[in-house]
> 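Encoded as structure tokens, here's the structure I'll be asking about.
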There are 2 protein chains.
Amino acid sequence: MNPDSPKGRAPSIRDVARLAEVSHQTVSRVLNDHPSIRPETRDRVLAAMETLQYRPNRAARALVTSRSHTIGVLASTSTEYGPATSIAAIEDAAREHGYYVNTANIADASPEGIADALEHLMLQAIEGLVVIAPQVRVFEVLAGAPVGVPFVSLQSTGRSDHLALSVDQVTGARRATQHLINLGHREIVHLAGPQDWIEAEARMRGFLDAIGDAELDLHPPILGDWSADFGYFAGRELLRHRDFTAVFAANDQMAIGLMHAFRDGGLDVPGDVSVVGFDDIPVAQHVWPPLTTVYQDYRESGRRAVALLLNQLHGEQVLEVEQIVPRLVVRGSTAEAPVRHPVARA
Amino acid sequence: MNPDSPKGRAPSIRDVARLAEVSHQTVSRVLNDHPSIRPETRDRVLAAMETLQYRPNRAARALVTSRSHTIGVLASTSTEYGPATSIAAIEDAAREHGYYVNTANIADASPEGIADALEHLMLQAIEGLVVIAPQVRVFEVLAGAPVGVPFVSLQSTGRSDHLALSVDQVTGARRATQHLINLGHREIVHLAGPQDWIEAEARMRGFLDAIGDAELDLHPPILGDWSADFGYFAGRELLRHRDFTAVFAANDQMAIGLMHAFRDGGLDVPGDVSVVGFDDIPVAQHVWPPLTTVYQDYRESGRRAVALLLNQLHGEQVLEVEQIVPRLVVRGSTAEAPVRHPVARA
DNA sequence: GACGTCGATGTGCACGTTCACATCGAAGGT
DNA sequence: ACCTTCGATGTGAACGTGCACATCGACGTC
């Protein structure tokens, strides 16, 4: 339909050049903000682009510069509140810097599933990688099959082959536990996340540290799967013994399921049992009782991950990241330990 | 390090060809599963690829075929449970078909924000688009600046310029409302979503339909923003009049906030007021009381959207999609209407 | 006024892949 | 035994862009 682009194909810089009566190279310079272009020429070129509805061909550009302007995100449970929020923030930040984001979800936790997702990203020729799927195994796979691009982990892994944000989960968990101890609780159970998750392991560590510092007896932690359903299930199990006065759950969903089970079992939260969660998901303050939890800024994590990665990509000095320490948010699900052990009431 | 790839660049098909002692074209044929290749030759080529750690260059391929193998996702609140789940499903399904997914989040609801996100995707040369940000305005922008690629909406829009999944939100909302009516409720309030959202509007319609059918008085709906915080706020407002016995909230988060406010105000759910939500988010069954809601399969929606889009891309006959009708899930937050009006109790 | 400098622009090639067409030998029909 | 057909492979060009280098005129310097 447009006489200036004879073929059916999209207009190229050469078509623009012809219309603006310059060389294709001049058009290229306009595109790349080259300094020595006469304003008049630039305007003519821009006008021609407008007329032809020209759009640069990203593939051609990527081919010649061998830069894809794409960063990969390797996620495992992008459905959960935390990861979803971080991913959204990563996308926003990346777009702001002219980058594209390609996400691959790890289907199952198997090495094959991880390798598949990674392979998908590598075929895409990503320039950098953000790992937001913090199973330990993911880093083993990454170490085994080096990706060849800089990558950043959203969790501190203790490894040195990549950068990691320092969201200090350990301290967060420690504070949550400490809060319970300060309230007089002595029998505290930890409902942990899957221990092959970096985050779950860190939260467990914080819990153990606090228990150790206070020289309390250690109840064997329960290993969960992050889901509210599991929290409910774990709560039913715990009800059979009732040898505790507080539970620290590794995330809010499990905490909510837990409270559900306790209510069903006739235990009052926080009267008989205190419960602390982790994450501060948006509904946490609206459930009953409002959940005491640890707030973590997932958006900020996502933003920082991108900043860190782009810094590294552009060869700039990698800024030292200050630790993000999650904040304890005290609400209604925690109270002073009951004077008598709840088992006495049962 | 590798003597076969003299330069520092990644190996190309020509490098592979040299090593396998064939022409570059033969290598290309192996890559594209061309039928007439002698098995022996194919093996030699594959071995060479393995040795060189060859990876096809996507940019070069995209350049010559003018096919990016990328589909775009235009999302607005990718953080919410529903969209996040659908996006994850879209990515999985796309990957399964060898496609890449590029997501752009709409920063704000302004036409500029929408256009920005869209422009970002267009620069990426996407082959198709899934719209999961169902504000009415998005479709206006899309109609104004035609994208030039087929696109699919996750919500029925009633427009004919694109395909849309038929998740029958209207029927879902109608059933939720009908459920309340069946329980004897006559004074039902709708806590709606933002009316520039397709989904919110459909749920509102379902609500109005049911109220109209039963010839009940219409309480003016409250327009919310999907958040639990708003639900709480709306609940506080509603408490000032108490001229209702049931609320149908347009999503679960608002329903949960609402129940929080009612509890604070001394109203019992479901004794004094029944509450119904929409979406069946994972915690819905674990809050107190367990939330009666409408289940919607977001993963399935995502999968179908991809199937629909790819069908269209490959020029195949576009299959008629059967309607997905969301399912009412009755739990503890609804009960028979109180014999006396709650206002009398206050 | 000859010469170097520099701003503004043009020319040709390279990037890695696929496509259209060419080549070559073996199998098969008459 | 000759021609056709087809399987297996090779050759050269093209895709749209950016880079290195060339060109050309204007300006200032000695």
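First the proteins, then the strands, lettered A, B, ... as listed; each starts at 1.
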> To the nearest angstrom, how far is A:Gln25 atom CD from C:dT9 atom P?
12 Å
> Write down the distance between CG (B:Leu63) and C1' (D:dA13), rounded to a whole number of angstrom.
13 Å
> Please determine whether a side-chain nitrogen or oxygen atom of B:Ser28 lies at a distance below 4.0 Å from atom OP1 or OP2 of C:dT18.
yes
> Starting at the 5' end of DNA chain D and moving along, which residue's nearest nucleotide shows up first, B:Val22 or B:Ala60?
B:Val22
> Roughly, in whole Å, what's the span from CE in B:Met49 to P in C:dT17?
9 Å
> Looking at B:Ser23, does any N or O in its side chain come under 4.0 Å of the phosphate oxygens OP1/OP2 on D:dG10?
yes
> Just how large is the angle between the end axes of the helix from C:dG1-D:dC30 to C:dT30-D:dA1, five pairs per end, to 10 degrees?
40°
> To the nearest Å, give me how far apart NE2 (B:His69) and C1' (C:dT17) are.
13 Å
> Record whether the side chain of B:Arg14 comes under 3.5 Å of the base of C:dT17 through a donor-acceptor pair of N or O atoms.
yes
> Salt-bridge test for B:Asp92 and B:Arg299: reply yes if a basic N is under 4.0 Å from a carboxylate O, no otherwise.
yes
> Whether A:Thr41 contacts C:dT9 is assessed here as follows: a side-chain N or O lying under 4.0 Å from the phosphate OP1 or OP2. Is that the case?
yes
> Check whether any side-chain N or O of A:Asn105 sits under 3.5 Å from a backbone N or O of A:Ala107 as a donor-acceptor pair, and report yes or no.
no
> Would you mind telling me which of D:dG18, D:dT9, C:dT18 lies closest to the side-chain atoms of B:Asn32?
C:dT18
> A:Tyr100 vs B:His120 aromatic rings, parallel, tilted or perpendicular, using cut-offs 30° and 60°?
parallel
> Which is it for B:Glu91 and B:Arg95 under the salt bridge (charged side-chain N to carboxylate O under 4.0 Å, His left out) test, yes or no, and what are the steps along the way?
CA-CA 6 Å; B:Glu91 274 162 0; B:Arg95 173 142 67 99; over 6 Å; no
> Look at all strands and tell whether A:Ser66 reaches a base, only sugar-phosphate, or nothing, counting heavy atoms closer than 4.0 Å.
nothing
> Would you say A:Asp15's side chain and A:Ser12's backbone share a donor-acceptor pair under 3.5 angstrom?
yes
> Roughly how many Å is it from NE2 in A:His34 to C1' in D:dT17, rounded to a whole number?
16 Å
> Given atom CZ of B:Arg38 and atom C1' of D:dC6, what is their separation to the nearest angstrom?
15 Å
> Taking the side chain from A:Ser86 and the backbone from A:Ala84, do they hold a donor-acceptor pair closer than 3.5 Å?
no
> For B:Leu31 and C:dT18, what is the distance between atoms CG and C1' respectively, to the nearest whole Å?
11 Å
> Can you figure out which of C:dG10, D:dG18, C:dT18 approaches the side chain of B:Val64 most closely?
C:dT18
> Less than 4.5 Å apart, any side-chain heavy atom of B:Leu129 and any of B:Val152?
no
> Taking for each residue the nucleotide of DNA chain D with the nearest heavy atom, is it B:Pro39 or A:Asn57 whose nucleotide lies nearer the 5' end?
B:Pro39
> How many whole angstroms separate atom CZ of B:Arg58 from atom P of C:dG16?
16 Å
> Tell me, yes or no, whether the heavy-atom count around A:Glu21 atom CD, taken from other residues, nucleotides or ligands under 6.0 Å, exceeds 12.
no
> Considering only side-chain heavy atoms of B:His24, which listed nucleotide, D:dT17, C:dA8, D:dG12, is closest?
D:dG12
> Tell me whether the side-chain N/O atoms of A:Thr26 come closer than 4.0 Å to OP1 or OP2 in C:dG10.
yes
> Tell whether B:Arg55 reaches the base of C:dG16 with its side chain through a donor-acceptor pair below 3.5 angstrom.
no
> Nearest to the side chain of A:Arg61 - C:dT17, D:dA8, D:dT17?
D:dT17
